There are 2 protein chains.
Amino acid sequence: MNYSVVIVDDHQLLSQALGSLVNEFENFSVLYTCRNGTELIEKFKAPKNIPDVVLMDVNMPIMNGIETTQHLHQNFSQVHVLALSIEEDEATILKMLRSGAKGYLLKDVRKGELKQALTEVIQKGYYHTNTVAKILVDSLSEKQSPETLLKERELEFIKHACTEMTYKEIADVMCLSPKTIEGYRNSIFEKLNLRNRTGLVIYAIKHKLFIP
Amino acid sequence: MNYSVVIVDDHQLLSQALGSLVNEFENFSVLYTCRNGTELIEKFKAPKNIPDVVLMDVNMPIMNGIETTQHLHQNFSQVHVLALSIEEDEATILKMLRSGAKGYLLKDVRKGELKQALTEVIQKGYYHTNTVAKILVDSLSEKQSPETLLKERELEFIKHACTEMTYKEIADVMCLSPKTIEGYRNSIFEKLNLRNRTGLVIYAIKHKLFIP
DNA sequence: AAAAAAAATAGGAAAAATCCTGTTTTTGCA
DNA sequence: TGCAAAAACAGGATTTTTCCTATTTTTTTT
């Protein structure tokens, strides 16, 4: 039995190189490659283009891996998605798994592990490396993500705080009193244990609440 | 004639996938792959391990592409280095080329272009895509990099400004008067057209003067 | 509808940051 | 060695930020 694989990655060289690698494996062959989620979904309109496994990059322009995986999970649940990324931060990995990915491979895995992952995801329905498994376990116990700790309006404020606007100007664009903005800031400082706005900006960028 | 290629990249999957791809080309074959610059230099101690071309990733732990390329340029100038990266910011590309790379490929190039690059770098000694060529031309004309615009001591101050320290505290660790620190800040604000410290932090992170 | 919880708002004070206009000290160099 | 430029430093005013405590308004729950 030969299983079909589709590769979705905006880096074409990586796509093609990965394709060569997968084609070397027995039992697996590449059906085609795509540059982003939109292209993939377009392809899926023809049933012959629906593969057994999708190797999905997380960071892509136009339609990223998380959105794309969610869509596949809802509409083509028989397709196994393996996430593939250089991102190894907890938040990204968790988002991807919650979206329905059956495994998460870091881009520094070895050839053998890729083959293993493809085989297991077909046979068992999932594949997780030790690294990812550990992150999963950790995420259950200790700290929560900024998104759950902070409120919607606070997250919005943080994005504005990562600009040159004064708090008064932020209050204007958010249509709130400057004193309310101060309230947001104080509550955030408290929750995140920060001393000042500079600390907040660094925190926001580290945790991808704001992308510079 | 068969030319030898070495791949240096900390992402093992990419290395191996790239290896498969290069081995598909006529006239080229992969000698071995490395995970970082230190490994490569260790390998080079044996003359049989010295290839015709090195495909070098820019971002690597331990010893990055820039340092490694400099070392090769000084000690093994007959080896052609082709940089390979997802980074497409001017500063990185220029640094890599100044270090002696004979070409700079973005990771979203196509298979055909990689082959073209390998062939040309052997034949002509260099290969540049239109994108990179444009960046080179642009860099000659207009704006200069932050590193040349700002002074050594100012760059050091910027790193401290990207923390929760007050200016007084920064003055202490830099062993200067708070008023001197203010002088630095004012001169930087002027040169970079910034309004406040938040703007400076964002600028520093965007231009990689500070890595969060 | 009343009670409780959450969100928004205020006053006021102290600290820090910003922005002027200068002076002193150090350094490079002819 | 002396002069000019650069670097370091200062006083003082204004604005912004930070940090208290407390009140009003809105929303949710019972």
Side-chain angles (χ1 to χ4, degrees), chain A residues 143-212, chain B residues 143-212:
Chain A
K143 74 216 169 216
Q144 41 204 335
S145 72
E147 277 86 351
T148 59
L149 190 62
L150 301 171
K151 302 185 212 303
E152 197 50 49
R153 209 76 170 133
E154 288 175 342
L155 290 170
E156 192 188 336
F157 158 73
I158 289 181
K159 292 192 216 307
H160 291 307
C162 293
T163 70
E164 291 194 318
M165 281 191 284
T166 65
Y167 291 129
K168 172 151 179 17
E169 288 166 341
I170 294 174
D172 283 346
V173 303
M174 286 182 72
C175 298
L176 290 170
S177 147
K179 283 297 180 176
T180 304
I181 293 299
E182 282 196 39
Y184 287 166
R185 183 204 53 205
N186 291 339
S187 123
I188 292 169
F189 280 7
E190 169 85 17
K191 283 192 262 195
L192 303 179
N193 196 29
L194 300 171
R195 280 179 66 187
N196 51 39
R197 185 162 168 181
T198 303
L200 175 58
V201 172
I202 302 290
Y203 179 94
I205 291 173
K206 261 190 187 162
H207 292 79
K208 301 178 194 236
L209 305 180
F210 173 79
I211 316 285
Chain B
K143 72 211 172 225
Q144 41 204 333
S145 73
E147 275 87 349
T148 59
L149 190 61
L150 300 172
K151 302 185 212 307
E152 196 51 48
R153 209 76 173 134
E154 287 175 341
L155 289 170
E156 191 187 336
F157 158 72
I158 288 182
K159 292 191 217 307
H160 291 307
C162 293
T163 70
E164 290 194 319
M165 280 190 285
T166 65
Y167 291 129
K168 172 150 177 16
E169 288 167 342
I170 295 174
D172 283 346
V173 304
M174 287 183 72
C175 298
L176 289 169
S177 148
K179 285 296 180 177
T180 304
I181 293 298
E182 284 195 37
Y184 287 166
R185 183 203 54 204
N186 291 339
S187 123
I188 292 169
F189 281 6
E190 168 85 19
K191 282 192 264 194
L192 304 180
N193 196 29
L194 301 171
R195 280 179 68 188
N196 51 40
R197 186 162 166 180
T198 302
L200 176 58
V201 172
I202 302 290
Y203 179 94
I205 292 172
K206 262 191 188 162
H207 292 79
K208 299 177 193 239
L209 305 180
F210 172 79
I211 315 286

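Here is how names work: the chains are called A, B, and so on, in the same order as the sequence lines, proteins then strands, and each is numbered from 1. Note that the structure is predicted; figures quoted are calculated from it, not measured.
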To the nearest Å, how far apart are [X] [atom1] and [N] [atom2]?
X	N	atom1	atom2	result
B:F189	D:dT15	CZ	C1'	13 Å
B:I181	D:dC9	CD1	P	9 Å
B:E154	D:dA6	CD	C1'	12 Å
B:R195	C:dT18	CZ	P	11 Å
A:N186	C:dG11	CG	C1'	14 Å
A:L155	C:dA7	CG	P	13 Å
B:F157	D:dC9	CZ	P	14 Å
B:L200	D:dT16	CG	P	18 Å

Closest-nucleotide 5' rank along DNA chain C - winner of A:G183 and A:K179: A:G183
Which residue lies more 5' along DNA chain D, comparing A:L194 with B:S177 via nearest heavy atoms: B:S177
Residue met sooner reading DNA chain D from 5', once B:L176 and A:E182 are mapped to nucleotides: B:L176
Under 3.5 Å: donor-acceptor pair, side chain of B:R197, backbone of B:A161: yes
Check: A:K168 side chain, A:P178 main-chain N or O, donor-acceptor pair, under 3.5 Å: no
Under-4.0 Å salt bridge between B:R195 and A:E169: yes
A:E154/A:R185 ion pair, N-O < 4.0 Å: no
Stretch residues 161-175 of chain A: residues that reach within less than 4.0 Å of DNA chain C through a heavy atom: none
Under-4.0 Å side-chain N/O to phosphate OP1/OP2 contact, B:R185 with C:dT18: yes
Any A:Y184 side-chain N or O less than 4.0 Å from OP1/OP2 of C:dA8: yes
Side chain to side chain, B:T163 and A:I202, heavy atoms closer than 4.5 Å: no
Any A:F157 side-chain heavy atom under 4.5 Å of A:I188 side chain: yes
Touch class at under 4.0 angstrom, heavy-atom based, for A:R197 against every strand present: sugar-phosphate
Distance (rounded to the nearest 0.5 Å) between B:N186 CG and B:I181 CD1: 11.5 Å
Identified pairing partner of D:dT30, criterion: Watson-Crick or G-U wobble below 3.5 Å: C:dA1
